[in-house]
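Notes for the one structure printed next.
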There are 2 protein chains.
Amino acid sequence: MLDDLDRNLLEILVKDARTSLKELAAQVGLSSPSVSERLRRLEERGVIRAFTVEIDPLALGYTLQAIVRIRPLPGKLHIVQKLIEEIPEFGECDKVTGDDCFVARLFVRSIGDLDGILDRIADKAETSTAIIKAQPIRRRPPPLGAASPRDRATALQAS
Amino acid sequence: MLDDLDRNLLEILVKDARTSLKELAAQVGLSSPSVSERLRRLEERGVIRAFTVEIDPLALGYTLQAIVRIRPLPGKLHIVQKLIEEIPEFGECDKVTGDDCFVARLFVRSIGDLDGILDRIADKAETSTAIIKAQPIRRRPPPLGAASPRDRATALQAS
DNA sequence: GATTTCGGTCGAGATCATCCAGCATTTTAC
DNA sequence: GTAAAATGCTGGATGATCTCGACCGAAATC
């Protein structure tokens, strides 16, 4: 589906999404129209979901981040999910297996704000909150390399 | 620190990091050299951490994501952290307060791979894994608007 | 009140992206 | 097996965009 050239382009763009077509072309050894066409197709196919910018939350005044596990009370699942989606301070939310139905990331400017937001959910779900002290790994994409032969073997074996 | 123009630029770039200077300039009502200078300064100050591309993990064969909570055994904290950082399938990791020391996101191509990776940590930490079933909110930045007067009041009160 | 600093505009020249014609290679169809 | 069609690439012309220097005005500094 993706060839080496595509992966190569993605790798460069992960580091700097504003790299010019000309520069991309030079780095992968193609002409710029070709690169342009490849990017167009990668976007079209949904491989590239978006070109975006990573902003330091601190610069916006968000001095605190927390991971919140959320277990909606019986019958409240949909209301809780809607509520979470509508609170913009939630910067990420995954619906997971297990007792905790949702795991979400919360950006806040103060402990007071944290309390205020959790209060809005308190009557519809149980929550447990962990304050983030450090970020050993900040968001990064999974490895871009092709599936290794070993991986493929494993996959086959499993099926 | 950030004025309305900066926030406006960031907002546009979050949606499309490849927007041309000319287009940015038109949208915020400045000349392109001014926009160029502002972006340079935003990067310099670390407000903009990076221009990047958001890739669909599925396109790379990662059909499964999991949230893993990791509690290193006594004395193993640093080894575990190093191990996590070195495994590229970890796409995010936060060090948090509470019993679980780390909360991490794992991209894998199969359940077998998940097992393989967790095995590598098993003798150094307790883990509990939740498979991601859906993503109600995909990574997004915190609200870009200026701190509201109410927020400021709260912050002052607290200090 | 003069001066410096900061952030802005404008215009020219350089750089870059896009369009198009043409070509090679692979796939499809018969 | 071969002709036709489709695919993906290149190179060059053209038009759009970026960058750089010169200059300007408002606000802070002395």
Side-chain angles (χ1 to χ4, degrees), chain A residues 1-61 141 143-147 149 152, chain B residues 1-61 141 143-149 152 156:
Chain A
M1 191 147 184
L2 290 193
D3 64 14
D4 287 349
L5 256 31
D6 289 327
R7 269 187 291 270
N8 211 327
L9 289 171
L10 290 177
E11 206 168 324
I12 300 167
L13 289 169
V14 164
K15 287 188 226 132
D16 180 8
R18 286 182 77 83
T19 309
S20 70
L21 292 182
K22 195 188 180 208
E23 176 64 21
L24 288 167
Q27 290 202 34
V28 305
L30 285 179
S31 62
S32 28
S34 296
V35 171
S36 177
E37 175 65 11
R38 274 173 184 264
L39 293 192
R40 200 191 58 70
R41 291 171 58 79
L42 286 170
E43 279 194 79
E44 190 186 56
R45 285 194 282 161
V47 174
I48 291 178
R49 282 213 276 244
F51 295 97
T52 189
V53 66
E54 203 187 307
I55 302 170
D56 180 1
L58 257 178
L60 301 170
L144 298 184
R152 267 194 268 275
Chain B
M1 191 153 186
L2 290 193
D3 65 13
D4 287 350
L5 254 33
D6 288 328
R7 268 187 290 271
N8 210 328
L9 289 172
L10 290 176
E11 206 168 324
I12 299 167
L13 289 169
V14 164
K15 288 189 223 131
D16 180 8
R18 285 181 77 81
T19 308
S20 71
L21 292 181
K22 194 190 179 200
E23 176 66 20
L24 288 168
Q27 289 200 36
V28 304
L30 284 180
S31 62
S32 29
S34 297
V35 171
S36 178
E37 176 63 11
R38 275 173 181 264
L39 293 192
R40 198 193 58 71
R41 292 171 54 81
L42 287 171
E43 279 193 81
E44 190 187 55
R45 286 193 281 161
V47 175
I48 291 178
R49 281 212 275 245
F51 295 97
T52 189
V53 64
E54 203 187 308
I55 301 171
D56 181 1
L58 256 177
L60 301 169
L144 299 184
S148 71
R152 267 194 268 273
L156 279 175

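Within every chain, numbering begins at 1; the chains are lettered A, B, ... in the order of the sequence lines, protein sequences first and strands thereafter.
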> Less than 4.5 Å apart, any side-chain heavy atom of B:Val28 and any of B:Glu11?
Replying inline: no
> Nearest-Å distance, CG (A:Leu2) to P (D:dG8)?
Replying inline: 13 Å
> Which ones in residues 17-27 of chain B lie close to DNA chain D, meaning a heavy atom under 4.0 Å from one of its atoms?
Replying inline: B:Ser20, B:Leu21, B:Lys22
>> So if I take residues 36-55 of chain B and measure heavy-atom distances to DNA chain D, which residues fall below 4.0 Å?
In response: B:Ser36
>> Any non-hydrogen side-chain atom of A:Leu42 less than 4.5 Å from a side-chain atom of A:Leu2?
In response: yes
> So, is B:Ser32 near the phosphate of D:dT17, with a side-chain N or O under 4.0 Å from OP1 or OP2?
Replying inline: no
> Closest approach of A:Val35 and A:Ala25, non-hydrogen atoms and distance?
Replying inline: CG2-CA, 3.6 Å
> Hey, what bend do you get for the helix from C:dG1-D:dC30 to C:dC30-D:dG1 if you fit axes on five pairs at each end, rounded to 10°?
Replying inline: 40°
> What are the bounds, 5' to 3', of the part of DNA chain C that sits under 4.0 Å from heavy atoms of chain A?
Replying inline: C:dC16 to C:dC19
>> Just to verify, what does B:Asp56 make a side chain to side chain donor-acceptor pair (under 3.5 Å) with, not counting sequence neighbours?
In response: A:Arg49
For nucleotides 20-24 of chain D, which of its nitrogen or oxygen atoms have a protein nitrogen or oxygen under 3.5 Å away, and what is each distance?
none

>> Any carboxylate oxygen within less than 4.0 angstrom of a Lys/Arg side-chain nitrogen, looking at B:Arg40 and B:Glu37?
In response: yes
>> For a 4.5 angstrom cut-off between non-hydrogen side-chain atoms, does B:Glu23 reach B:Asp16?
In response: no
> Can you tell which of A:Leu39, A:Leu30, A:Asn8 makes a side-chain contact (heavy atoms from CB on, under 4.5 Å) with A:Leu24?
Replying inline: A:Leu39
